[in-house]
Every structure is written in structure tokens, then in C-alpha cells.
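Data first, discussion second: the structure below is written as C-alpha cells.
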Amino acid sequence: GGIITQTPKFLIGQEGQKLTLKCQQNFNHDTMYWYRQDSGKGLRLIYYSITENDLQKGDLSEGYDASREKKSSFSLTVTSAQKNEMAVFLCASSQGISNERLFFGHGTKLSVL
Amino acid sequence: GDSVTQTEGQVTVSESKSLIINCTYSATSIAYPNLFWYVRYPGEGLQLLLKVITAGQKGSSRGFEATYNKETTSFHLQKASVQESDSAVYYCALSGGSNAKLTFGKGTKLSVKS
């Protein structure tokens, strides 16, 4: 089996701050994803990557950057945190795309003061 | 765009009773989407419960079942007899086509009372 590790588990930021979330997987999966979950809403795709150095925008990419420098890691940057923003960011990976099973991390909970 | 609508909020069921969580989908860009149920148990990460990629087929796992109904665009999750350990948040989702996107519903929190 494998595991997806997200760091940090909790992230508190200031308005306007640039914040980076990290994700590591040891499944040797090709595809990795970043989803955002807001209270009472479904998960929304921010970015995904189908291989090392590849980046694809999801529905919610504005305000975010992502980086896939290694196959095993995928980082997400909030370019300018919004005041009172609160959400959980979920990283996931899969061997392929489309109908493949996704494996998720436990999430990073973001709070912006 | 594509969307998934499922039973909203929280559902409370007594142990050993039956359960149904409704899920309907709209797939404007995909003729035959792949359909999934994911689950998050307390303290754990989101994980796949079951998936069906062929219309008319049924998927099952851990006593749960869901049938891919293309006519009614539905993928309801059912269990004949729930246990306290089934308490979790359940998400219906779809994917398909050439992109990697999974479109999720808002989630349904199931509480099973003894």
C-alpha cells in the first residue's frame, strides 16, 4: 500500500500572504490533484498534473499556482490569501486519469485572519 | 458543465435499518460518465467506496450497492442494514471524457444510531 502525506495539517495565514501547501505520495502514481472543499460544498478541482512537470488548470485555478517538480510531490501556492478565508485543501493521486480510483490525503485546513 | 446532486445535509438511520442516499447527475460533456461513491470515515482520508463505468451495471462494496441508471441519470447508494461503523460522509462523483476531473456532490453525512 501507499500513502499521501499533506503538510501542514493546519495553516493560519494573514490577508495578502503567499502560502504554500505540500503533498507527497509513494504510490508511484502518474497523476496528482489539488481539490478545495468549502463548508457545505462539494470538492472543486484547482489543479492537476498527469506527469512530472505537467500542470493542468481545474475549475478553480485563479488565485493559485502549482508545481510538480518530482513525480512524487505536488505543491500548491495560494498567491494572496483572502481575509476570513477558510477551506480544506485535499491532495489526491491516481495511476491514470478519468475512470481511475483516486487516493486522498487527510487535508490541509486553511484559516486566514 | 457537469454536476452532481445528492441528498443534502445529514441523514440519521437506526442500526439495522435500510438506507438510501440519492444521487442524480448531469453530464453535458460526457455521453457515458463514470460514476463513483467516495466515503470519509471519521479521522480518515476520503476513499473510494465503489465505482461503475458501464450504464446498467451495479457496483457493490461493504454491503453498499449502487446501480448506474442512464435513463433516470441516477446512481443512488443503498444498504439493506446499516451498522454504526457506517457513520461517515458519503460523496457521489462522476468523471469521464478526456480530462481527469472528478465532479463531486456536496456530501451526505450519515449518522447511524444504536
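In what follows, every chain begins at residue 1, and chains take the letters A, B, ... in the order their sequences are listed. On a predicted model such as this, the values are computed, not experimentally measured, just so you know.
One hydrophobic cluster, built from ILVMFWY side chains closer than 4.5 Å, holds both A:Leu60 and A:Tyr47. Hydrophobic clustering (side-chain heavy atoms under 4.5 Å, transitive across Ile, Leu, Val, Met, Phe, Trp, Tyr) groups A:Leu55 together with A:Phe89. One hydrophobic cluster holds both B:Phe75 and B:Val4 under the rule that ILVMFWY side chains link at heavy-atom gaps under 4.5 Å. Taking hydrophobic clusters as Ile, Leu, Val, Met, Phe, Trp and Tyr residues chained together by side-chain heavy-atom distances below 4.5 Å, A:Met32 shares a cluster with A:Tyr64. Under the 4.5 Å side-chain heavy-atom criterion for ILVMFWY residues, a single connected hydrophobic cluster contains both B:Tyr32 and B:Ile30.
Residue B:Phe104 comes nearest to A:Leu43 through the heavy atom pair CD1-CB, 3.7 Å, listed as atom of the first residue, atom of the second, then distance. The two residues A:Gln37 and B:Tyr91 have their closest heavy-atom pair at NE2-OH, 2.7 Å.
Residues from residues 106-114 of chain B that place a non-hydrogen atom less than 4.5 Å from a non-hydrogen atom of chain A comprise B:Lys106, given in numerical order.
Rounded to the nearest 0.5 angstrom, A:His106 NE2 and B:Leu46 CG are separated by 10.5 Å.
Only the side chain of A:Asp59 comes within contact range of chain B, with at least one heavy atom under 4.5 Å from a heavy atom of that chain. Contact of B:Gln6 with chain A is not made at all, since no heavy-atom distance falls under 4.5 Å. If you measure heavy-atom distances from A:Leu90 to chain B, the contacts under 4.5 Å come from the side chain alone.
Taking A:Gly58, A:Gly42, A:Gly105 one by one and counting their heavy-atom pairs under 4.5 Å with chain B, the maximum is reached by A:Gly42. Ranked by heavy-atom pairs shorter than 4.5 Å toward chain B, the options A:Gly107, A:Ser94, A:Gly40 are led by A:Gly40.
Taking A:Asn26 as the reference, nothing meets the side chain to side chain donor-acceptor pair (under 3.5 Å) condition, with sequence neighbours excluded. Every residue meeting the side-chain contact (heavy atoms from CB on, under 4.5 Å) condition with B:Ser61, not counting sequence neighbours, appears here in chain and number order: B:Leu49, B:Leu50.
More than 12 heavy atoms of other residues, nucleotides or ligands lie within 6.0 Å of NZ in B:Lys70, so this atom counts as buried by the packing criterion.
Sorted by first and then second residue, the salt bridge (Lys or Arg N to Asp or Glu O under 4.0 Å) pairs involving residues 2-29 of chain A (not counting sequence neighbours) form an empty list.
Side-chain atoms of B:Leu102 and A:Leu45, non-hydrogen and from C-beta on, never get closer than 4.5 Å to each other.
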